[in-house]
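Before any comments, here is the structure.
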Amino acid sequence: MSRRLVPVDRRILEQNIKARYHAGDIGTQDALHLFDELLQCAGSSSIRAINYLVTTVGRDCPALGVSLFNRVASANVAPNSITYTILVDCCCRAGRLDLGFAAMGHIIKMGFAADAIVTFSHLLNAICAEKKTSYAMDIVLRIMPMFNCVPNIFSYSILFKGLCNEKRSQEALELIQVMVEHGGSCQPNVVSYSTVIDGLLKEGLVGKAYSLFCEMLQRGISPNAVTCSSIISGMCKAQSMDKSEEVLQQMLDRRILPDVTTYNSLIHGYYSSGRCKEVDRIFQEMSRNGVQPNIVTYNIQMDYLCKSGRCAEARKIFDSMIGLGQKPDVTTYSILLHGSAMEKSFHEMHCLIDLMVGNGISPDHHVYNILISAYAKEETVGEVMHIFTKMRQQGLNPNVANYGAAVNLLSKIGRMDDAMSQFNQMITEGLAPDIIVFTPLISGFCSCGKWEKVDELFSEMLDRGICPNTVFFNTIMDRLCKNERVMEAQDLFDLMVHMGVKPDVCTYSTLIGGYLFVGKMDEVSKLLDNMVSIGMEPDVITYNILMHLIYLIYIHLVCYVPWTYLI
DNA sequence: CTAGGGTTAG
């Protein structure tokens, strides 16, 4: 065999890979075999085929993509800029941002700055996903220009989305203004405006969102279905369904076709405000306009039914949906699981999990949390801990919500040492505890009177930049009142007012309940007067507490008092 | 060929 045959075989192999890649005809296993085969005879012409194979493997398993790159590097083939871009994407998706940066360094050293713009987008996405958008901003505004890599509209859009995800939509707004005033070649487009309008609306800044929308129109940029759907969704969340309908009408007037996402926002909005007849109307309008419901539409519908205690009807939709060829997703199962959890049907829950796994869907953090919370309500600590173990076995590290549910249970049953060890474990794993984790912990230490721990945790919470909210104070006051520590609850009420946190009806009801149980009736009437004077209506719970007192007095008089007289 | 909208848990 002459050596000339090797290049011929190699070329056939390379062309074969290219054709199969473009036909979408290579599975991960095939790609691995082809990679072994190609690397044995690879020459400098092989890098394109290698890129196809690494892309294929990396899509499915990013870590494996990185290891293939290492084998390329040790063979006699020089990676090109595209190979490095694939490598950076794999590193990022494998959770190794550090390696992504190292690879980026190579790209820049080799003078691939022109190709680096797409690579930077992968890095920026990964940085923003870790909620480090400030750092991403530094890269776009300072580091990229330093390497003669001019940020494009994609780079900026990633920043806008990152800022909005961190509830920093006002900074995104400022950045848009800077881009416009600066007048550079990279100007905000419909995607930039839509992203920031959406972020502002999600933070409830309706006025600012509206101004930005007007500015966008003035600059001659036309809104599209995405822009309008964001606005409709924002109006639905602000409980202004009439405004949502107005925007829908304006869409139709402007010949912007509403799609399934637009209708899903409206359907969810009407369900949330309890206007089911309007939902029927939207469904009719959808079908008149030729828009088919999708999995999200059915999920919204099933969630409404489950939360209204109509799980059986939700299950009927689930079954009919499968008949229509719609594949349930992980959210579908979460919704049905949550419904079964509300009905305390643990058997049904396990059936659903089996069905889900059987259909090739792995449980995620939401699914596990529904199980954790369900067992937590039953106060079965063993089961809860078992779920944590199962999650880790599946390679899924528990998140803040999962720890929150466990800490809540342990604090409620007074196992404060165990609650603290979960809390510490969570911090060890690099998770940032939020207000919903601190609330049960601090209230647990309050009810057993460990004030030094209360002070310590409260300071830690403030140090982490977490402000106590109304629910925080209500929860702790409730616990104190139930332990006949109404004086401490009163101190907390004063602190709350001092810190500018607004008491709500629940705060007053709790404190009234606390005074009732220790028989301080003068304080009860003082608080009721206080409520009325600030224009707050006592609600059902307030009256329930008052009626409970009347019931206690009745029991005391009718049963207890005569009985003592007899003795 | 890298950017934007709708649903789920503590």
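Sequence lines set the chain letters: A, B, ... in the order given, protein chains first and strands last, and positions in each chain run from 1.
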May I have the distance from [X] (atom [atom1]) to [N] (atom [atom2]), rounded to whole angstrom?
X	N	atom1	atom2	answer
A/His366	B/dT8	NE2	P	9 Å
A/Lys377	B/dA9	NZ	P	11 Å
A/Asn399	B/dT8	CG	C1'	13 Å
A/Gln301	B/dT8	CD	P	14 Å

Checking all strands, does [X] fall into the base, sugar-phosphate, or nothing category for heavy-atom contacts under 4.0 angstrom?
X	value
A/Val400	base
A/Asp434	base
A/Val437	base

Name each donor-acceptor pair under 3.5 Å that joins a side chain in residues 360-367 of chain A to protein atoms two or more places apart or in another chain, with its distance.
{"from": "A/Asp364", "atom 1": "OD1", "to": "A/His366", "atom 2": "N", "distance (Å)": "3.1"}
{"from": "A/Asp364", "atom 1": "OD1", "to": "A/Val367", "atom 2": "N", "distance (Å)": "3.0"}
{"from": "A/His365", "atom 1": "NE2", "to": "A/Asn397", "atom 2": "O", "distance (Å)": "2.7"}

> Taking OP1 and OP2 of B/dA9, is either one under 4.0 Å from a side-chain nitrogen or oxygen of A/Lys307?
Replying inline: yes
> Is A/Leu266 close to A/Ser244 at the side-chain level, that is, under 4.5 Å between some pair of heavy atoms?
Replying inline: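 Heavy-atom side-chain distance check passes, below 4.5 Å.
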> Does any donor atom in the side chain of A/Asp280 or A/Gln284 lie under 3.5 Å from an acceptor atom in the other side chain?
Replying inline: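 Their side chains do not contain a donor-acceptor pair, so the 3.5 Å distance test is not met.
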> Taking the six-membered ring for Trp, are A/Tyr304 and A/Tyr271 parallel (under 30°), tilted (30 to 60°) or perpendicular (over 60°)?
Replying inline: parallel
> With under 30° as parallel and over 60° as perpendicular, where do the rings of A/Tyr403 and A/Phe388 fit, or are they tilted in between?
Replying inline: tilted
>> Looking at A/Glu215 and A/Arg219, is there a salt bridge between them, counting it only when a charged N and a carboxylate O are closer than 4.0 Å?
In response: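 No.
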> Using a cut-off of 4.0 Å between protein heavy atoms and nucleotide atoms, how would you tag nucleotides 1-7 of chain B 5' to 3' with B, S and -?
Replying inline: -BBBBBB
